[in-house]
Amino acid sequence: MKNVNQTEWQELIANDSNAVIIDARTPRECAEGIIDKAIMIDFLDAPTFKSEIEKLDKSKNYYVYCRSGNRSGQACQLLDELGISSTFNLTGGMLGWTGKTVIPA
């Protein structure tokens, strides 16, 4: 896992055709807006989170965020434990995010 700030995050994703963005927040938090193209997997729903991340393609690069960066850091550790070697945690999470967000469908 690599912790990255918002500027690094945006640059990395812009140049990564293998990027997958994961929003680890609750559905209620996500309803306020998510980063475009993020998939929502609620970290606090442990059984569902684990089953969903086990289905992920291990060859992709995963960019994970939450509200503050805490849950996403823990999520990156779980991804690492499952053999996903390329994970990036957004430090500061959505509390520090100044980029564009979208309302999930």
Q) Which atoms form the tightest heavy-atom contact between Ile21 and Tyr65, and what is the distance? A) CG2-CE2, 3.6 Å
Q | Steps toward side-chain contact (heavy atoms from CB on, under 4.5 Å) verdict (Thr48, Ile41) | A | CA-CA 8 Å; Thr48 301; Ile41 309 175; 5.6 Å; no
Q. If you look at every heavy atom in Ser72 and Cys66, which pair is closest and at what distance?
A. N-SG, 3.3 Å
Q: Nearest 0.5 Å please: distance from the CG atom of Leu44 over to the CZ atom of Arg28.
A: 12.5 Å
Q.
Is it the case that over 12 heavy atoms from other parts of the model lie below 6.0 angstrom from the NZ atom of Lys58?
A. yes
Q: List the steps, then state whether side-chain contact (heavy atoms from CB on, under 4.5 Å) holds for Glu8 with Thr91.
A: CA-CA 10 Å; Glu8 293 170 306; Thr91 58; over 6 Å; no
Q) Which atoms form the tightest heavy-atom contact between Pro104 and Ile34, and what is the distance? A) CB-CD1, 4.0 Å
**Q.** Rounded distance (nearest 0.5 Å) linking atom CD of Gln74 with atom CE of Met1
**A.** 9.5 Å
Q: Heavy atoms only: give me the nearest Tyr62-Leu56 pair and the separation to one decimal.
A: OH-CB, 3.3 Å
Q. So, the side chain of Asp80 versus the backbone of Thr87: is there a donor-acceptor pair under 3.5 Å, distance only?
A. no
Q. Is Ile13 reachable from Val20 through a run of hydrophobic residues whose side-chain heavy atoms are each under 4.5 Å from the next?
A. no
Q: Kindly indicate, with the supporting measurements, whether the criterion side-chain contact (heavy atoms from CB on, under 4.5 Å) is fulfilled by Leu78 and Phe43.
A: CA-CA 10 Å; Leu78 287 173; Phe43 180 76; 3.6 Å; yes
**Q.** From NZ (Lys60) to CG (Leu79), nearest 0.5 Å
**A.** 14.5 Å
Q: Measure the spacing between OG1 of Thr26 and CZ of Arg71 and express it to the nearest 0.5 Å.
A: 6.0 Å
**Q.** Same apolar cluster: Met40 and Ile84, side chain cutoff 4.5 Å
**A.** no
Q. Pick one: which of Asn61, Asp16, Asn18 meets side chain to side chain donor-acceptor pair (under 3.5 Å) with Ser86?
A. Asn61
Q. Ring centroid separation for Tyr63 and Trp9, is it under 6.0 angstrom?
A. yes
Q. Do you reckon Leu12 sits in the same ILVMFWY cluster as Ile39, going by side-chain contacts under 4.5 Å, direct or chained?
A. no
**Q.** Non-hydrogen atoms of Asp42 and Phe49 that approach each other most closely
**A.** O-CB, 3.5 Å
Q) Looking at CZ of Arg25 and CE of Met94, how far apart are the two atoms once the value is rounded to the nearest 0.5 Å? A) 4.5 Å
(Q) Between Asn70 and Ser68, does the side-chain hydrogen bond (donor to acceptor under 3.5 Å, both in side chains) criterion hold? Intermediate values first, please. (A) CA-CA 6 Å; Asn70 183 29; Ser68 67; 5.5 Å; no
Q. Say you draw a straight line from CD1 of Ile22 to CG of Leu90; how long is it, rounded to the nearest 0.5 Å?
A. 13.0 Å
Q: Give a yes or no on whether Phe88 and Leu82 share a hydrophobic cluster (residues Ile, Leu, Val, Met, Phe, Trp, Tyr; joining criterion: side-chain heavy atoms under 4.5 Å apart).
A: no
